[in-house]
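Notes follow once the structure below has been shown.
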Amino acid sequence: MTYDSDKRKLLSALCHGSIFISAALVSIGIPIAVLLVSDDPVVKENATESLNFHLNLWLYGLIFGILTIVLIGWPLLGLLGIVNVVMPIIGIVKVLNNPEQSFRYPFIFRVL
């Protein structure tokens, strides 16, 4: 079965870029909605990977926030902020350049 390449690009990029729309519920709501609505396996993989990345960011933010008590958390939160911006941009560029392959974030725990 063939899938529309433009639709695949749009939905995959939307999943990875949803973190820029909101850091709260909308950032996971968009990939969940795409995961439930789309029948394209590559889009579903991108939505799942995006959800895993967002959940990892929340978990690391919580841990690093607690570590601010011993001061090591501040530079880690700064690093997390950089990762929060850079990695979704890389994901968007990768899915737009190669829509046939899903983007996988490095160094994350895949819960879903």
Side-chain angles (χ1 to χ4, degrees):
M1 181 174 198
T2 59
Y3 295 97
D4 184 16
S5 179
D6 291 335
K7 182 178 176 183
R8 179 179 276 178
K9 285 181 185 181
L10 175 68
L11 291 175
S12 296
L14 183 64
C15 288
H16 291 291
S18 67
I19 197 135
F20 299 124
I21 297 170
S22 169
L25 297 177
V26 176
S27 69
I28 65 163
I30 291 173
I32 288 173
V34 169
L35 186 63
L36 295 175
V37 171
S38 178
D39 60 340
D40 187 341
V42 174
V43 172
K44 285 184 176 254
E45 288 175 21
N46 278 310
T48 304
E49 191 69 12
S50 176
L51 280 170
N52 282 325
F53 180 68
H54 294 146
L55 293 173
N56 274 264
L57 284 180
W58 287 357
L59 176 66
Y60 292 143
L62 179 68
I63 293 169
F64 296 164
I66 292 170
L67 287 175
T68 58
I69 296 169
V70 291
L71 299 178
I72 190 67
W74 292 110
L76 292 174
L77 280 173
L79 182 63
L80 187 65
I82 293 169
V83 168
N84 186 25
V85 172
V86 172
M87 291 308 295
I89 291 173
I90 293 172
I92 292 168
V93 170
K94 293 282 187 178
V95 299
L96 291 178
N97 286 335
N98 188 6
E100 304 303 318
Q101 184 177 354
S102 65
F103 176 71
R104 295 192 45 102
Y105 290 97
F107 309 115
I108 66 167
F109 298 107
R110 287 171 176 83
V111 182
L112 304 174

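Numbers here are sequence positions counted from 1. Computed from heavy atoms alone, side chains included, the values below leave out hydrogens, waters and symmetry copies.
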Legend entry - Any side-chain heavy-atom pair of Pro106 and Met87 under 4.5 Å: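 Pro106 reaches Met87 side chain to side chain.
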Is it the case that the side chain of [X] and the backbone of [Y] share a donor-acceptor pair, with hydrogens and angles ignored and the cut-off at 3.5 Å?
{"X": "Asn98", "Y": "Lys94", "result": "no"}
{"X": "Ser50", "Y": "Cys15", "result": "yes"}
{"X": "Ser18", "Y": "Ser27", "result": "yes"}
{"X": "Asp40", "Y": "Arg8", "result": "no"}
{"X": "Ser38", "Y": "Val34", "result": "no"}
{"X": "Asn52", "Y": "Val111", "result": "yes"}

Separation between [atom1] of [X] and [atom2] of [Y], rounded to the nearest 0.5 Å:
{"X": "Asp39", "Y": "Lys44", "atom1": "CG", "atom2": "NZ", "value": "7.5 Å"}
{"X": "Leu57", "Y": "Asn84", "atom1": "CG", "atom2": "CG", "value": "5.0 Å"}
{"X": "Leu71", "Y": "Leu76", "atom1": "CG", "atom2": "CG", "value": "11.5 Å"}
{"X": "Leu11", "Y": "His16", "atom1": "CG", "atom2": "NE2", "value": "11.0 Å"}
{"X": "Ile32", "Y": "Thr48", "atom1": "CD1", "atom2": "OG1", "value": "10.0 Å"}
{"X": "His54", "Y": "Leu112", "atom1": "NE2", "atom2": "CG", "value": "12.0 Å"}

Inset, instruction - Specify the closest pair of heavy atoms between Val85 and Phe20, including all atoms of both residues, with the distance to one decimal. - result: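 Shortest heavy-atom separation between Val85 and Phe20 comes out as O-CZ, 3.5 Å.
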Legend entry - Non-hydrogen atoms of Leu51 and Pro31 that approach each other most closely: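 Shortest heavy-atom separation between Leu51 and Pro31 comes out as CG-CB, 3.7 Å.
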Could you see if [X] belongs to whatever hydrophobic cluster contains [Y]? Use Ile, Leu, Val, Met, Phe, Trp, Tyr and a side-chain cutoff under 4.5 Å.
{"X": "Val86", "Y": "Leu96", "answer": "yes"}
{"X": "Phe53", "Y": "Leu62", "answer": "no"}
{"X": "Val95", "Y": "Ile89", "answer": "yes"}
{"X": "Leu10", "Y": "Ile30", "answer": "no"}
{"X": "Leu36", "Y": "Ile28", "answer": "yes"}

Legend entry - Parallel, tilted or perpendicular, as decided by the 30° and 60° cut-offs, for the rings of Phe64 and Tyr60: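 Judged by the thresholds at 30° and 60°, the geometry between Tyr60 and Phe64 is parallel.
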Inset, instruction - Verify the ring-centre separation between Phe103 and Tyr105: is it less than 6.0 angstrom? - result: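 When the ring centroids of Tyr105 and Phe103 are compared, they turn out to be within the sub-6.0 Å range.
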Inset, instruction - Output, in order, the C-alpha distance, side-chain angles, deciding distance and verdict of side-chain contact (heavy atoms from CB on, under 4.5 Å) for Leu55 and Phe109. - result: CA-CA 9 Å; Leu55 293 173; Phe109 298 107; over 6 Å; no
Legend entry - Polar side chain donor-acceptor pair, Glu49 to Asn46, under 3.5 angstrom: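 No, Asn46 and Glu49 have no side-chain donor paired with an acceptor closer than 3.5 Å.
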